Number of protein chains: 2
Amino acid sequence: MDAPRVVSKGLDDVVVGQSRISYVGGETGELVYRGFDVRSLVPGVPYESVVHLLLHGDPPTSDPAPEERAALAAARRLPDATLRVADALPANLPPLEAMRTLLSLVGDGTFGYPPTLGEGYRLIGAAPVLLARYVRRARGLAPVAGRDDLGHAANYLWMLTGAEPDAARVAALEGYLDLLADHGMNASTFALTVAISTQSDLVSAAVAALGTLKGPVHGGAPSRVSEMLDAIGAADRADAWIAERLGRREVLFGFGHRAYKTEDPRAVVLHAIARRVADPARLKLAEEVERRALAALRAARPKARLFTNVEYYSAVVLEAVGLPPELFTPTFAVARTAGWAAHALEQAGDNRLIRPDVEYVGPPSGRVWPRPVGPDAR
Amino acid sequence: MDAPRVVSKGLDDVVVGQSRISYVGGETGELVYRGFDVRSLVPGVPYESVVHLLLHGDPPTSDPAPEERAALAAARRLPDATLRVADALPANLPPLEAMRTLLSLVGDGTFGYPPTLGEGYRLIGAAPVLLARYVRRARGLAPVAGRDDLGHAANYLWMLTGAEPDAARVAALEGYLDLLADHGMNASTFALTVAISTQSDLVSAAVAALGTLKGPVHGGAPSRVSEMLDAIGAADRADAWIAERLGRREVLFGFGHRAYKTEDPRAVVLHAIARRVADPARLKLAEEVERRALAALRAARPKARLFTNVEYYSAVVLEAVGLPPELFTPTFAVARTAGWAAHALEQAGDNRLIRPDVEYVGPPSGRVWPRPVGPDAR
């Protein structure tokens, strides 16, 4: 009862435990999955193999990982009862509002505690299927059935568009999914961990994570990068636009990160991917705006160590893949289901209820209700 | 970067901030809402007035609080689109699985950031309406429309049963709802706070909270108390049943709490409520089992300071109110929506992203993928 009590509103300096899953090197600009620097995996390693790595701890015997390839394909087939509810959702919801309900629907009472690998595959496999189905319905289009001959990334594009996915776009999307698959104890993964700490199930925990990812401070911002690029329109208008925005003390989306005090390695790799697939004019605009924004931000806050964050080139890559901005954050969630599953399994393996304290600073006890109280007072 | 780093897997000794909402006195056996000891409020203060107290900080001008009475009644009327989805849910889901989706449905894209009082009322008012509708459909019964002339507790019973609620049962349920309305920074409220910390919306945060409440270590256990009493059946079988259970090193539900090292004040008040409404034989069995269980637990672990927790007499009271065990945890969630709304508003008033760290103990960086990787490797 007399243990030292640490006050930390953002928990910045608090370590909630140990993890073998991923390492975020904020000072060195590294993101490591189970010992593999993501820059050595992307582009090229299939998402299924990254899922295998995150969930099992080692690379699969071949690429794409056979176990995950089969399990994720099987998870695309959802019960009719689930699809009926998905198809009853109002078609005009923001995709993340819909996705919260869609992920919840995956939990049909068969997800238990402790979470299992198989449950992880069901979550990861079902998420893009339900999302693609919803998005098509919102556009007045018939659903497209999943295809067992396609990998996770290709099948997502296929189910969204109903068109044979272009190999370059699939590779770009796969790189994005790989890079966003996990990121240490980020806020959504932490919400999932809190849920698992009460011995709740994987779907409930993943829905908690999604509800947390939805906030613009976490995952809800990438579409705003596209909006910014659209608003600027041409490189020669960038300086004025940025200056006006900073003059109003507004945030420039796509720059700065709580963890990274140097280049975000995901931004670097996504920039390289963007060079391969993005429309050259859009890429040039993005690079020019990036250069000028960083210059303006650093002039305004010389000590802040601000760098381009993952959201910036995520937007450019996802645009090039053909996704509309409103799908950027849902697609981030699709990627992150892998990390969520891995962290849920890890937490359950050495679990303890996460229950911090707060300092009560309200009125002292002893206030008296202004009217008579009691079982017979009314 | 060189701040002291605190490692605490359960965050037991970590204070995540200040709160003016409620105080949990683990050593003194107190629960205080905004300066009011709950033992001075229950039974007698209407749930609407407790909602007012938690959200505004002071008692309302009259009981039941007029603003909350009107707002919660208005929130009972839900859009047809929401009800259509609710009615499309499979009828055989565990109620908490259904409730996660039902709460998510309340979020129709109009809940924003920061959360508002009005959004809080919508959440609190809609939760029992959707739950009651689902439960009736699962039983093959037509929905019952809400009644503006009934308070929150009475209307919940009315919508569940379609029968004029008995005053003693309403009072007992209202006492339960009051007592469970908030409880410091419990795990579900913490999950909600993490979600709000990313500037997510109230419904997303409440769904995160529900997913966390669902775990048996937090809210998922009260029905097991009823199952235990049913399994024991008669007081003279209690000692043998308890001894066998403890001999298998299994948990006795309804005893012990992370926070309380003395009597849980809610258990004391719920016991008093149970004396007023419970079937005398059931009450006597519960009291006898409690006495013998505490004796056995204290003999087995003399230093553990184990006491009856809130779940024990919650079960006896909710049984007496007429609720089936599978509705105990959902009804706990119905009560707790008030605290969730209060904490969401408070966190948004002084917000900061909650993002703790983990210590990476996986393989060091530098592992090499066993096959060629790169954009053209496949």
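When reading the values below, keep in mind they use all heavy atoms of this one structure, side chains included, and skip hydrogens, waters and symmetry mates. Computed from a prediction, not measured in an experiment: that's the story for all the values here. Reminder, nothing fancy here: chain letters follow the sequence lines and each chain counts from 1.
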Whatever's closer than 4.5 Å to a heavy atom in chain A on B/Arg34 counts as both
Turns out that what part of B/Asp87 lies under 4.5 Å from chain A's heavy atoms comes down to neither
B/Tyr360 meets the ring-ring contact (aromatic ring centres under 6.0 Å, His included) criterion, sequence neighbours left out, with A/Tyr23
The reported gap from CZ in B/Arg371 to OG in A/Ser62 (rounded to nearest 0.5 angstrom) is 6.0 Å
- Query: If we only count heavy atoms from C-beta on, is the A/Trp369 to B/Ser49 side-chain gap below 4.5 Å?
  - Reply: yes
- [ ] Start with the C-alpha gap between A/Leu105 and B/Leu89, add the side-chain angles, then the distance that decides, and say whether side chain to side chain contact (heavy atoms under 4.5 Å, CB included) holds.
- [x] CA-CA 9 Å; A/Leu105 290 176; B/Leu89 279 181; 3.7 Å; yes
Applying a strict 4.5 Å limit to non-hydrogen atoms, the region of B/Asn92 in contact with chain A is neither
Answer key: most heavy-atom pairs under 4.5 Å with chain A among B/Thr101, B/Val32, B/Asp58 is B/Thr101
CD1 (B/Ile354) and CG (A/Asn186) are apart, to the nearest 0.5 Å, by 13.5 Å
When the 4.5 angstrom heavy-atom criterion is applied to B/Leu41 and chain A, the contacting part is both
For B/Val361 and A/Arg20, the nearest pair of non-hydrogen atoms, with its separation, is O-NH1, 3.0 Å
Tightest non-hydrogen contact, residues A/Asp108 and B/Pro94, listed as O-CD, 4.5 Å
Chain B shares the most heavy-atom pairs under 4.5 Å, among A/Leu103, A/Val368, A/Asp37, with A/Val368
Nearest heavy-atom contact between B/Pro59 and A/Arg367 is CD-NH2, 3.9 Å
Bottom line for B/Thr61: the part with an atom under 4.5 Å from chain A's heavy atoms is backbone
Worksheet item: Does A/Ser200 use its side chain to pair, donor to acceptor, with the backbone of B/Thr212 at less than 3.5 Å?
Response: no
From the list B/Gly17, B/Ser19, B/Ala195, the residue making the most non-hydrogen contacts under 4.5 Å with chain A is B/Ser19
Scored by heavy-atom pairs under 4.5 Å with chain A, the best of B/Ser197, B/Ala187, B/Ala81, B/Ala272 is B/Ala187
Chain A shares the most heavy-atom pairs under 4.5 Å, among B/Ala191, B/Ser104, B/Pro370, B/Ala208, with B/Ser104
Correct closest heavy-atom pair for B/Gly107 and A/Glu97 would be O-OE1, 3.2 Å
Are the side chains of B/Val85 and A/Pro90 in contact, using a 4.5 Å heavy-atom criterion? yes
All heavy atoms of B/Met185 vs all of A/Val358, minimum pair found to be CE-CG1, 3.6 Å
Per-residue tally against chain B (heavy atom, under 4.5 Å) across A/Thr82, A/Val42, A/Asp350, A/Ile21 peaks at A/Asp350
If one checks every heavy atom of B/Pro60 against chain A at 4.5 Å, the contacting part turns out to be both
Note: vs chain A, highest number of non-hydrogen pairs under 4.5 angstrom among B/Ser8, B/Gly10, B/Ala98 is B/Gly10
Worksheet item: For B/Arg100 and A/Asp201, what are the C-alpha separation, side-chain angles and deciding distance, and is it a side chain to side chain contact (heavy atoms under 4.5 Å, CB included)?
Response: CA-CA 12 Å; B/Arg100 187 184 57 227; A/Asp201 65 279; 4.1 Å; yes
Item checked: Residues B/Val217, A/Asn351; criterion side chain to side chain contact (heavy atoms under 4.5 Å, CB included); working and verdict -> CA-CA 11 Å; B/Val217 173; A/Asn351 210 353; over 6 Å; no
Verdict with reasoning, A/Leu11 to B/Val16, per side chain to side chain contact (heavy atoms under 4.5 Å, CB included) | CA-CA 7 Å; A/Leu11 298 183; B/Val16 291; 3.5 Å; yes
| request: Check whether any side-chain heavy atom of A/Phe190 sits under 4.5 Å from a side-chain heavy atom of B/Pro356, and report yes or no. | output: yes
Per-residue tally against chain B (heavy atom, under 4.5 Å) across A/Gly184, A/Gly366, A/Ser22 peaks at A/Ser22
Bottom line for B/Ser188: the part with an atom under 4.5 Å from chain A's heavy atoms is neither
Minimal heavy-atom distance between B/Val373 and A/Pro43, with the atoms involved, is CG1-O, 3.5 Å
Of B/Glu30, B/Arg84, B/Gln199, the largest count of non-hydrogen pairs under 4.5 angstrom with chain A goes to B/Gln199
Interatomic distance, OG@A/Ser204 vs CE@B/Met99, rounded to 0.5 Å, equals 12.0 Å
Cut-off 4.5 Å, heavy atoms of chain B, and the answer for A/Pro364 is backbone
